[in-house]
Amino acid sequence: MWAKAMAGGPTAGGGVVVEVREKKGPLRAAIPTMPFPLAVICLFLNTFIPGLGTFISAFTVLCGARSELISERGVCCVFWLNVAAALIQILTAVIMVGWIMSIFWGMDMVILASQDQGVPQDV
């Protein structure tokens with residue numbers, strides 16, 4: 001009875017189904033999907049020492065953590081992109097930009113880990 005509607009196509013009720021996809025830049029797409037406890041530790045570290053959790057997450061890529069960008073650019077490139085993100089966070093923490101970026105980066109790590117493990121989230 002219920003037909004699957006195609007994106008952009010009309011539905012039985014006359015409405016249109018729209019599909020929205022988030023476009024991520026290379027730095028954001030390089031965030032690794034880690035085990036949930038490690039992602040929480042990285043968030044904690046990023047909250048109190050900007051960039052440290054991001055720097056540690058860079059090494060998880062070398063240990064096999066997945067990232068959206070690995071298939072396109074390779075493990076070494078994703079590692080260096082995460083190191084670059086950590087350095088940006090550390091160097092701009094003085095003007096608060098890096099500290100805020102670091103916290104959001106940690107939150108993204110936790111969100112990716114929770115989606116990977118099926119942990120319910122109220123965001």
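Remember, it's a predicted structure, so these values are computed and weren't measured experimentally. What's counted below: heavy atoms across the whole structure, side chains too, no hydrogens, waters or symmetry copies.
Taken from CH2 in Trp99 to OG1 in Thr92, the straight-line distance is 12.5 Å, to the nearest 0.5 Å. From Met107, atom CE reaches atom CG of Leu112 across 12.0 Å, with rounding to the nearest 0.5 Å. Note that CG of Leu43 and CG of Asp108 are 10.0 Å apart. Values are rounded to the nearest 0.5 Å. We find the CD1-CD1 distance between Ile90 and Ile49 to be 9.5 Å, quoted to the nearest 0.5 Å. The distance from the CG atom of Leu69 to the CZ atom of Arg28 is 12.5 Å, given to the nearest 0.5 Å.
For Arg73, there are no side chain to side chain donor-acceptor pair (under 3.5 Å) partners at least two apart in sequence or on another chain. With sequence neighbours excluded, no residue forms a side chain to side chain contact (heavy atoms under 4.5 Å, CB included) with Ala84. Under the rule for a side chain to side chain donor-acceptor pair (under 3.5 Å), Ser57 has no partner lying at least two apart in sequence or in another chain. Ile70 meets the side chain to side chain contact (heavy atoms under 4.5 Å, CB included) test with Val61, Ser67, Val75, Val78; sequence neighbours excluded.
Considering every non-hydrogen atom in both Ile56 and Cys42, the closest pair reads CG2-SG, 4.3 Å. Across every non-hydrogen atom of Gln89 and Trp105, the tightest pair is NE2-CG, 3.3 Å. Of all heavy-atom pairs spanning Gly98 and Pro50, the tightest one is O-CB, 4.3 Å. Among all heavy-atom pairs drawn from Leu27 and Ala85, the shortest one is CD2-CB, 4.0 Å.
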**Asked** Does the side chain to side chain donor-acceptor pair (under 3.5 Å) test come out yes or no for Thr54 and Asn46, once each step is laid out?
**Response** CA-CA 7 Å; Thr54 305; Asn46 272 351; 3.0 Å; yes
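Listed for the Asn82 side chain is a donor-acceptor partner under 3.5 Å among the backbone atoms of Ala30. At distances below 3.5 Å, not a single donor-acceptor pair connects side-chain atoms of Thr60 with backbone N or O atoms of Ala65.
When the side chains of ILVMFWY residues are joined at heavy-atom separations under 4.5 Å, either directly or via intervening members, Ile103 and Leu52 end up in two distinct hydrophobic clusters. Hydrophobic clustering (side-chain heavy atoms under 4.5 Å, transitive across Ile, Leu, Val, Met, Phe, Trp, Tyr) groups Met109 together with Leu81. Both Phe104 and Val40 sit in one connected hydrophobic cluster of ILVMFWY residues. Membership requires side-chain heavy atoms under 4.5 Å apart, directly or through other members. Residue Phe44 is not grouped with residue Ile31 when hydrophobic side chains (ILVMFWY) are merged at heavy-atom distances under 4.5 angstrom, including chains of intermediate members. Cluster annotation: Leu91 is not connected to Phe48 through the hydrophobic network of ILVMFWY side chains, with a link wherever side-chain heavy atoms come within less than 4.5 Å.
Here the side chains of Met101 and Ile88 are in contact, with some heavy-atom distance below 4.5 Å.
Contacts classified as ring pair (Phe, Tyr, Trp, His ring centres under 6.0 Å) and involving residues 64-84 (residues at least two apart or in different chains) are given here: Phe59-Phe79. For residues 30-44, no residue pair satisfies the side chain to side chain donor-acceptor pair (under 3.5 Å) rule, not counting sequence neighbours.
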